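Worksheet for the structure shown next.
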Amino acid sequence: MKSVKISLNSIDKVKSFVNDIARFDAEFDLVSGRYVIDAKSIMGIFSLDISQPITLNIHAEGDDTDIMKALEQYII
């Protein structure tokens, strides 16, 4: 598992983030405080406080280079 801090501070950013990670066959969790939600769920993301940085946990087997490249614009 790999964890990174990301910023999803606008509706457009949330939509593009979900589209970017949906193409990967891996599990993604967003952690905000005591809440953990599926990062591929737009409704779940909007239940979080997106004005603050959120921790993204990536559960991928093998090389995660492509995933990290797709996430570059969100990582803070």
Side-chain angles (χ1 to χ4, degrees):
M1 181 182 86
K2 186 174 214 167
S3 293
V4 292
K5 285 280 194 189
I6 62 169
S7 175
L8 299 174
N9 54 6
S10 72
I11 293 171
D12 291 333
K13 241 181 165 177
V14 170
K15 289 194 293 189
S16 65
F17 170 76
V18 172
N19 287 334
D20 287 344
I21 66 168
R23 59 192 173 115
F24 295 106
D25 187 30
E27 296 294 322
F28 299 90
D29 296 324
L30 286 173
V31 180
S32 179
R34 61 187 177 118
Y35 299 104
V36 178
I37 59 111
D38 180 2
K40 293 181 180 180
S41 166
I42 289 177
M43 293 300 289
I45 294 172
F46 285 126
S47 72
L48 301 175
D49 178 10
I50 60 173
S51 67
Q52 301 294 320
I54 303 170
T55 302
L56 174 68
N57 293 333
I58 304 162
H59 306 276
E61 295 180 18
D63 186 23
D64 64 357
T65 306
D66 291 339
I67 294 172
M68 295 310 292
K69 187 147 185 76
L71 295 174
E72 280 178 349
Q73 62 182 323
Y74 310 104
I75 296 174
I76 54 172

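Just so we're clear, the structure is a prediction, and the values are computed from it rather than from any experiment.
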Rounded to the nearest 0.5 Å, the NZ atom of Lys40 sits from the CG atom of Asp29 at a distance of 10.5 Å

Heavy-atom nearest pair, Asp66 first then Phe24, reads O-CZ, 3.6 Å

| Crowded around Ile75 CD1? As in, over 12 foreign heavy atoms under 6.0 Å? | yes

Taking every heavy atom of Leu48 against every heavy atom of Ser32, the minimum-distance pair comes out as CD2-CB, 3.8 Å

Scanning both residues in full, the closest heavy-atom pair of Phe17 with Tyr74 reads N-OH, 3.1 Å

Output for pair (Arg23 CZ, Ile21 CD1), nearest 0.5 Å, gives 10.5 Å

Nearest heavy-atom contact between Ile45 and Ala39 is CD1-O, 3.4 Å

Heavy-atom nearest pair, Gly44 first then Ser41, reads N-OG, 2.9 Å

When rounded to the nearest 0.5 Å, the distance separating CG of Asp20 from CD of Glu72 is 11.0 Å

For Phe28, the ring pair (Phe, Tyr, Trp, His ring centres under 6.0 Å) test, sequence neighbours excluded, returns none

With the 4.5 Å side-chain cut-off for hydrophobic clustering, are Ile42 and Val31 part of the same group? no

Interatomic distance, CD@Glu27 vs CE@Met1, rounded to 0.5 Å, equals 13.0 Å

Decide whether Ser10 and Asp12 meet the rule of one side-chain donor and one side-chain acceptor closer than 3.5 Å.
no

Tested for side chain to side chain contact (heavy atoms under 4.5 Å, CB included) against Phe46, the lone hit among Leu8, Ile37, Val14 is Val14

Interatomic distance, CD1@Ile50 vs CD1@Ile6, rounded to 0.5 Å, equals 10.5 Å

request  = Please check if Val36 and Ile58 belong to a single hydrophobic cluster, counting links between Ile, Leu, Val, Met, Phe, Trp and Tyr side chain heavy atoms closer than 4.5 Å.
outcome  = no

Taken to the nearest 0.5 Å, the spacing of Leu30 CG from Leu56 CG works out to 5.5 Å

